[in-house]
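Just below is one structure, and these are the notes that go with it.
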Amino acid sequence: QVQLVESGGGLVQPGGSLRLSCAVSGSIFRFYAMGWYRQAPGKKRELVARITTSGTTNYADSVKGRFTISRDNAKNTVYLQMNSLKPEDTAVYFCNAHRSVSVGLEDDYWGQGTQVTVSS
């Protein structure tokens, strides 16, 4: 019943910028946190950025200072602004919605993923 629709991926040259969007069915405040993850071929999926209902943000060390996660409450959309892109940023990026049901029990919802390729 929860749908996360991603857009904004594509091919960009090193040093360029992209903005990913994640449109969520219903209010994003149904979830404790919204986040962006990425997975490169042969590698484990990793957290890129996260934002909680209170506005607290977290970033992977590799993207700090270059990526910014934000939200538009009216549009029920979470964004990932990616600047100064590097080839090592190449991956499939996934939108995630996280909800804590009770202590020790959580629900996670995922988008379909969008490909980001940084290459000259």
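If you read the sequence from its start, that first residue is 1, and numbering goes on from there. None of the values given here were measured: they were computed from a predicted structure.
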- Item | Non-hydrogen side-chain atoms of Q115 and T90 separated by less than 4.5 Å | yes
- Taking it one step at a time, do M34 and F29 satisfy side chain to side chain contact (heavy atoms under 4.5 Å, CB included)? CA-CA 9 Å; M34 300 292 301; F29 290 102; over 6 Å; no
- Message: Between Q3 and Y109, is there a side-chain heavy-atom distance shorter than 4.5 Å?
- Response: no
- Message: Other residues, nucleotides and ligands only: do more than 12 of their heavy atoms fall within 6.0 Å of OH on Y32?
- Response: no
- Item | Pairing residues for K64 by the salt bridge (Lys or Arg N to Asp or Glu O under 4.0 Å) criterion, not counting sequence neighbours | D61
- Note on the structure: CZ (R19) and OG (S7) are apart, to the nearest 0.5 Å, by 8.5 Å
- Item | ILVMFWY network linking V12 to V63, side-chain heavy atoms under 4.5 angstrom | yes
- Can you sort out the partners of S54 under side chain to side chain contact (heavy atoms under 4.5 Å, CB included), two or more places apart, ordered by chain and number? T52, T56
- Item | CD1-CG distance between I69 and N58, expressed to the nearest 0.5 angstrom | 9.5 Å
- Item | Heavy-atom side-chain contact between V116 and L18 under 4.5 Å | yes
- Query: Is any side-chain heavy atom of R50 less than 4.5 Å from a side-chain heavy atom of T57?
  - Reply: no
- Message: Check for me, please, whether L11 and Y93 land in the same ILVMFWY cluster - side-chain distances under 4.5 Å, paths through other members count.
- Response: no
- With side chains defined as the heavy atoms from C-beta onward, is the minimum distance between N73 and I28 less than 4.5 Å? yes
- Message: Once rounded to the nearest 0.5 Å, what's the spacing between atom CD of E6 and atom OG of S21?
- Response: 10.0 Å
- Task: Report the distance from atom CD of Q81 to atom OG of S70, rounding to the nearest 0.5 Å.
- Result: 8.0 Å
- Query: So, for S17 and S84, which heavy atoms are closest and what is the spacing to 0.1 Å?
  - Reply: OG-N, 4.3 Å
- Is the shortest heavy-atom distance from the side chain of P87 to the side chain of S119 under 4.5 Å? no
- Determine whether L4 and F31 fall in the same hydrophobic cluster, where Ile, Leu, Val, Met, Phe, Trp and Tyr are linked whenever their side-chain heavy atoms lie under 4.5 Å apart. yes
- With sequence neighbours left out, what residues match D72 under salt bridge (Lys or Arg N to Asp or Glu O under 4.0 Å)? none
- Joining Ile, Leu, Val, Met, Phe, Trp and Tyr whenever any side-chain heavy atoms lie under 4.5 Å apart, the cluster holding V101 also takes in L105
- Answer yes or no: is there a side-chain heavy-atom contact under 4.5 Å between V48 and F67? yes
- Task: Would you indicate whether the side-chain heavy atoms of T68 and Y59 approach each other to under 4.5 Å?
- Result: yes
- The side chain to side chain contact (heavy atoms under 4.5 Å, CB included) partners of S62 (sequence neighbours excluded) come to R38, A60
- Item | Matching residue for W36 among I51, L47, L80 - test: side-chain contact (heavy atoms from CB on, under 4.5 Å) | L80
- Query: Between R66 and N83, does a side chain to side chain donor-acceptor pair (under 3.5 Å) hold up when you go through it step by step?
  - Reply: CA-CA 5 Å; R66 299 188 297 120; N83 298 325; over 6 Å; no
- Establish, yes or no, whether the cationic atom of R45 lies under 6.0 Å from the six-membered ring centre of Y37 and within 45° of the ring axis. no
- Note on the structure: Applying ring pair (Phe, Tyr, Trp, His ring centres under 6.0 Å) to F94 and not counting sequence neighbours gives none
- Note on the structure: Note: S120 and P14 closest approach over all heavy atoms is N-CD, 3.7 Å
- d(E106 CD, H98 NE2) to nearest 0.5 Å is 4.5 Å
